[in-house]
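Computed from heavy atoms alone, side chains included, the values below leave out hydrogens, waters and symmetry copies. In this chain, numbering begins with 1 at the start of the sequence shown. All ligand and atom numbering here is 1-based and tracks the order in the structure.
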Amino acid sequence: MGEFELISTYFARSAARRDDVALGIGDDCALLVPPAGAQLAVSIDTLVEGVHFLPGSDPALIAERLLGAAVSDLAAMAAEPAWFTLALTLPVADPDWLEPFAAALARRAAELNIALVGGDTTRGPLALSVQVHGWVKANEALTRSGAREGDLVLVSGTLGDSRGGLQVQLDSDQSASSAYLRQRFFRPEPRIALARGLCRYASAAIDLSDGLVSDLGHIARQSGLAARIDLERLPLSAELEAYAGAEKARQWALSGGEDFELCLTIAPEQLEACLSVAESLQLPLTCVGQMHAGNGVSVFCDGQPWNSSAQGYDHFGVLDGVFDGEQR
Ligand code: ADP
Ligand code: MG
């Protein structure tokens, strides 16, 4: 199969239609129509076989993870997803891989209301890049640098599940908890609606890709502040605690990475309004700490400074060099 046949067979037909795509796949560029007065939010993410997912992973799951992780960056800015491009490097043009990949990508793109408008296809070791484009009103974008002293630190959903989902794969586990955890690894759910609902209250935001300690550290540094995390407040799923035990679950919640939940800072008087936004979306939103003067991120447990080797980042050590997480 040639490059052009591959593109038209698998990608052109699955490009969702949006009114703001003046010209999609098939020309030298796509032509897109951002709403008047909006800023474009642009971000790119890459997955490499053996680095970000185990060789032989289900192509449909790879597609869902690729798009979910990329769109999560739009959520972190409170941007609306609109368009994406796909750079695909494939060792062979294998229909048994391409068909489920393209079908899952199209399905997930429709769910996320984001349209495939172009890309690039090359031969080589399996690697996938998605560049997402969204838009946000100029004064509504959430950045990492806006946190203020005394702000509360909130996180959406539950933390550590994705690291649990990786462990489940390594252990080839089939227990009751494993399906949920595997899904949390492969199917990030970008918190677009939550971010849109909270953008008028939040002072800063980031999506959790490297783990709470690391990512909250970015907000702290870029806001010129320190952050404190209260370990006992971290939201954990019953499935993660059942699978990993309470101690490892907390460690993974702190530093496991790739949960793609939102971490936001808000002034304390905004807490009730934020909780009711989350409740209306039926999404957990938990206060896990506070910003204060200084620098760095510290962890407390039941009011006492918490010192443990577990406080360091989890470098997916079991997989070093084989399956190493992003930026590790
Ligand atoms: P050019 O050589 O001008 O860069 P290409 O031949 O690479 O164009 O691509 C032809 C068209 O197909 C372009 O519109 C491009 O955006 C699109 N395209 C290429 N690969 C993909 C892909 N994997 N997914 C979606 N669109 C793609
Ligand atoms: Mg060209």
* Residue part near ligand 1, for Ile7, under 4.0 Å between non-hydrogen atoms -> side chain
* To do: For ligand 1, note which part of Thr85 has a heavy atom under 4.0 Å away: side chain, backbone, both or neither.
  => neither
Need the ligand 1 atom indices (1-based, order shown) with element for anything under 4.0 Å from a heavy-atom of [X].
X: Phe4; result: 6 (O)
X: Glu3; result: 6 (O), 7 (O)
X: Asp27; result: 13 (C), 14 (O)

* **Any residue meeting side-chain hydrogen bond (donor to acceptor under 3.5 Å, both in side chains) with Asp161, in chain and number order, not counting sequence neighbours** => Thr158, Tyr180, Arg184, Ser237
* **Selection from Phe84, Tyr10, Phe11 by shortest heavy-atom distance to atom 24 (N) of ligand 1** => Phe11
* Asked: Of Ala87, Gly119, Ser8, which has the heavy atom at the shortest distance from atom 27 (C) of ligand 1?
  -> Gly119
Strictly below 4.0 Å, N to O, side chains only: are [X] and [Y] in salt-bridge contact?
X: Arg163; Y: Glu258; answer: no
X: Arg108; Y: Glu111; answer: yes
X: Glu189; Y: Arg187; answer: yes

* When the ring planes of His133 and Trp83 are compared, do they come out parallel, tilted or perpendicular, using 30° and 60° as the limits? -> tilted
* Should we count CG of Asp58 as having more than 12 external heavy atoms under 6.0 Å? -> yes
